[in-house]
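Data first, discussion second: the structure below is written as structure tokens.
In the text below, chain A, chain B and the rest are named by the order of the sequence lines, each starting its count at 1. These figures come from a predicted structure and were not determined experimentally.
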Protein chains: 2
Amino acid sequence: MISKLLARNKTNLLYGACLGALVFLLNWLELRFVIFEHSFEIYAGAIAIIFTSLGIWLAIKLTKPKVETVVVEKYLYTDPAIPFVLNEKALEDLGMSKRELEVLQLMAEGLSNQEIARQLFVSLNTIKTHSSKIFEKMDVQRRTQAVEKAKRIGLIP
Amino acid sequence: MISKLLARNKTNLLYGACLGALVFLLNWLELRFVIFEHSFEIYAGAIAIIFTSLGIWLAIKLTKPKVETVVVEKYLYTDPAIPFVLNEKALEDLGMSKRELEVLQLMAEGLSNQEIARQLFVSLNTIKTHSSKIFEKMDVQRRTQAVEKAKRIGLIP
DNA sequence: GATAAAATCACCCGAAAGTATGAGGGGGAA
DNA sequence: TTCCCCCTCATACTTTCGGGTGATTTTATC
């Protein structure tokens, strides 16, 4: 808080100093004008330059900085190195349950729903429900898409 | 009634107007005098104001907006660093045609027969025939199996 | 030009896949 | 305890897939 106040006073002091310097400069220039009668244009030009600068400075100091939001899509490449490491982050992001992942793995092996059901000792309808949930969570329509995506993001070897 | 009243006061109104005009004239003359006396200061002030405004305008127009980036994570294909080499021997052993391989690749991307048909500008029935031949040649029953096997033996990245 | 393979398309039918909805038990978190 | 999610199963329905069969056209090859 104190530092803020100091910073504000600092700016004020700086501004005052600049103003003072400016007045001195103007007086000096006026004196020159009196002495050299034909230097009015130079004086006007100096004023123009100085006050243009002042305007720029003021604008920079007093306006809120423009903020432009840029959305950058960061593509996450998964390393297909031989030792497969399950992408747990993706798994959690998608909200996949253990059972669903299990079904997904068997799907990737090319098993039919009926075969998966038999292998997991559950009914065909259960596998259908699981696969529906999988497709929903993975945002795909077909098992082939699910498998392709699963391999891509490291849910499956 | 209003017109009568106006007529009666006509003289008075005229007189008032003249008086007002006179006062205005005097003021204007006085202002002119003031301006004449301090014409240089006013001119300089005008330049100062105008160029301060110019400076502000320039600063606002020319400052680059601060860029704020929002990172959106997106999963994409696995690392393409590993170069895919098509297993031409397996391709020939299976007796796969170019078109069939093409269909197989689109299958692996998770497209439905209908979508593949649209993409290749042929009818759905044609794709069905192709896929049947593919399954026959690859000795599989389902597209998921075909894709799995194709990846395994190097027909597909 | 004949032949063979590939590519195209069509129709039918049953199987599999996928959608929608509901329901019930279990377990963990608020 | 209540709430929410997971797992399970079911019914009903639509869509897609795959098998079987047959046909025409194109392309390549001898």
| query | Can you tell me how far the CE atom of A/Met138 sits from the CD atom of A/Glu100, to the nearest 0.5 Å? | reply | 10.5 Å
| Starting at the 5' end of DNA chain D, which residue's closest nucleotide do you reach first, A/Ser123 or A/Lys133? | A/Lys133
| A/Leu120 side chain reached by A/Arg99 side chain, heavy atoms, under 4.5 Å | yes
| task | To the nearest 10°, let me know how far the axis at one end of the helix from C/dG1-D/dC30 to C/dA30-D/dT1 is tilted from the axis at the other, five pairs an end. | result | 60°
| query | Does any non-hydrogen side-chain atom of A/Arg142 lie less than 4.5 Å from one of B/Glu115? | reply | yes
| said: Just checking A/Lys133: does its NZ atom have more than 12 heavy atoms from other residues, nucleotides or ligands closer to it than 6.0 angstrom? | reply: no
| task | Nearest whole angstrom, please: distance from the P of D/dC6 to the CE of A/Met96. | result | 11 Å
| query | Contact class for A/Ser97 vs. all strands (heavy atom < 4.0 Å): base, sugar-phosphate, or nothing? | reply | sugar-phosphate
At a cut-off of 3.5 Å, list every protein nitrogen or oxygen paired with a nitrogen or oxygen from nucleotides 22-24 of chain C, distance to 0.1 Å.
none

| When the distance from CD1 of B/Ile127 to P of C/dA10 is rounded to whole Å, what number comes out? | 12 Å
| query | Side chains of A/Thr126 and A/Ser123: do they bring a donor and an acceptor to under 3.5 Å? | reply | yes
| With respect to the phosphate group of D/dT8, does any side-chain polar atom (N or O) of A/His130 fall under 4.0 Å of OP1 or OP2? | yes
Can you give me the N/O atom pairs linking the protein to nucleotides 11-17 of chain D at distances under 3.5 Å, or say none if there are none?
{"residue": "D/dC17", "atom": "OP1", "partner": "B/Asn113", "partner atom": "N", "Å": "3.4"}
{"residue": "D/dC17", "atom": "OP1", "partner": "B/Arg143", "partner atom": "NH2", "Å": "3.4"}
{"residue": "D/dC17", "atom": "OP2", "partner": "B/Asn113", "partner atom": "N", "Å": "3.2"}

| said: So if I take every side-chain heavy atom of A/Glu100 and compare against D/dC9, D/dC7, C/dT8, which nucleotide ends up nearest? | reply: D/dC7
| field | Length of the line joining A/Met138:CE and C/dG18:P, which is rounded to integer Å | value | 13 Å
| request: Calculate the interatomic distance between B/Leu120 atom CG and C/dA7 atom P; express it in whole Å. | output: 11 Å
| said: Rounding to an integer number of Å, can you tell me how far B/Arg99 CZ sits from C/dC9 C1'? | reply: 13 Å
| request: Starting at atom CG of A/Leu101, determine the distance to atom P of D/dC6, rounded to an integer number of angstrom. | output: 13 Å
| query | Between atom CG in B/Leu104 and atom P in C/dA7, what is the gap in whole Å? | reply | 13 Å
| field | Presence of salt bridge, B/Glu102 and B/Lys98, under 4.0 angstrom | value | no
| task | Take atom CD1 of B/Ile116 and atom C1' of C/dA7, then tell me their distance rounded to the nearest Å. | result | 16 Å
| task | Identify which nucleotide among C/dA7, C/dT8, D/dT8 has an atom closest to any side-chain atom of A/Val122, counting heavy atoms from C-beta outward. | result | D/dT8
